[in-house]
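Everything numeric here is computed off the predicted structure, so don't read it as measured data.
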Amino acid sequence: MKLAVVGITGLVGSVMQKVLNERNFHIDEFLPVASPRSVGKQIEFRGKQHTIISMEDAIAAQPDIAIFSAGGSTSIEWAPRFAEIGTTVIDNSSAWRMDPTKKLVVPEINAKDLTVDDKIIANPNCSTIQMVTALNPIHLKYGIKRLVISTYQSFTGSGVKAVQQYDGEMKNGKVDAEDMAYAHPIFGNCIPHCDVFEENGYTKEEQKLINETKKILNNQDIAITATAVRVPVSGGHSESVNVELLSSFEIRDIKELIAASPGLVLQDDIQNNIYPMPLMANGKDDVFVGRIRKDESIENGLNLWIVSDNLRKGAATNAVQIAEFLVAHNLVGATV
């Protein structure tokens, strides 16, 4: 097994190394790949020093799997070149997610649809992954009519520059304008502006939640609206999700369904102040669900609070789980 990680020096790339170690994914040859400015540098992985290589050298090495976390433009340019030589690409950017010829995969939901011919596989947006993981078992049993989503997203989702902005503001009160990842301070603030604004007034992040959810749940009829907010939290993303179901339900059945579903942890004991929080989700691979209650303002209404580590299940872990599925089901190999 030759595994390449493209974007190894980034925030997700560093978490990818941790996840690969913890899950003991079998690797015979590890290929760390980064931009030209990082080529030749050394990184440690599984107790050994590895030299960061270029895209061209990675292609020449013919990896079985390449996990990309290097941005959309890089993926558009290079993912097809890896795919052409038979490498299976798992891409963490938004480049391929809404491509009708590419599968958008959360392993607990739709990995079963993958085949050996899928050479570019899209990893969903971080906030989408945790939400659909929680919603899928509910959708399969009751059917979802409408979703109203409000997210409280960690600044770590914006990458290294945002982390540096937060750290600088926390220590010094402010940072220079050229060092800011956001248009406003993030320390002690909430910014209702994730990604860029589109013509309809929604941000790209909000549109991702809408479009990707419909694709992953394989239902274009679900009505969805979303507001995404960046918050001064480093442990993970939190989401308040209001769900209108197609059929009636009992809260105890929803809780039992959540507790029994792979990848989900029920944390719902309000008498003892137990509910999901990013501080507790930090460093974990599960999606935590709590504050489960009926929306008494509408028929078949349900409220959920969903929390997960955005750099792990929201990015690195989901990608590694896809790789694990491919290997376990013999779906890696040249078909060209």
Chemist: Show the numbers, then the answer: is there a ring-ring contact (aromatic ring centres under 6.0 Å, His included) between Phe155 and Tyr182?
Modeler: CA-CA 10 Å; Phe155 58 83; Tyr182 305 119; 8.0 Å; no
Chemist: Measure up the His329 and Phe325 rings against each other and bin them: parallel (under 30°), tilted (30 to 60°), perpendicular (over 60°).
Modeler: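 Plane angle under 30°, so parallel.
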Chemist: Minimum heavy-atom separation for Ile191 and His184, please, with both atom names.
Modeler: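 It is CD1-O, 3.8 Å.
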Chemist: Rounded at 0.5 Å granularity, tell me how far CD1 in Ile292 sits from CG in Asn303.
Modeler: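 Atom-to-atom, Ile292:CD1 and Asn303:CG are 10.5 Å apart.
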Chemist: Check the side chains of Thr128 and Glu212 for a donor-acceptor pair under 3.5 angstrom, ignoring hydrogens and angles.
Modeler: yes
Chemist: Scan Val307, Val231, Thr151 and name whichever one has a side-chain contact (heavy atoms from CB on, under 4.5 Å) with Ser238.
Modeler: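 Of all the options given, the one that passes is Val307.
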Chemist: A quick test of your reading: do over 12 heavy atoms of other residues, nucleotides or ligands sit less than 6.0 Å from NZ of Lys294?
Modeler: yes
Chemist: Side chains of Asp195 and Lys208: closer than 4.5 Å at any heavy-atom pair?
Modeler: yes
Chemist: Return the orientation label for the Tyr142 and Phe249 ring planes: parallel under 30°, perpendicular over 60°, tilted otherwise.
Modeler: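 It falls in the perpendicular class, over 60°.
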Chemist: Counting only heavy atoms not in Glu199 (residues, nucleotides, ligands), do more than 12 fall under 6.0 Å from its CD?
Modeler: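 Check fails, neighbour count at 12 or below.
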Chemist: Got a second to check how far Cys190's SG is from Arg230's CZ, nearest 0.5 Å?
Modeler: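 Spacing of SG (Cys190) from CZ (Arg230) equals 11.5 Å.
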Chemist: Over 60° means perpendicular and under 30° means parallel, so classify the ring planes of Phe45 and Phe30, tilted if in between.
Modeler: parallel
Chemist: Check the surroundings of atom CG in Asn172: do more than 12 heavy atoms from other residues, nucleotides or ligands lie under 6.0 Å from it?
Modeler: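 Yes, enclosed.
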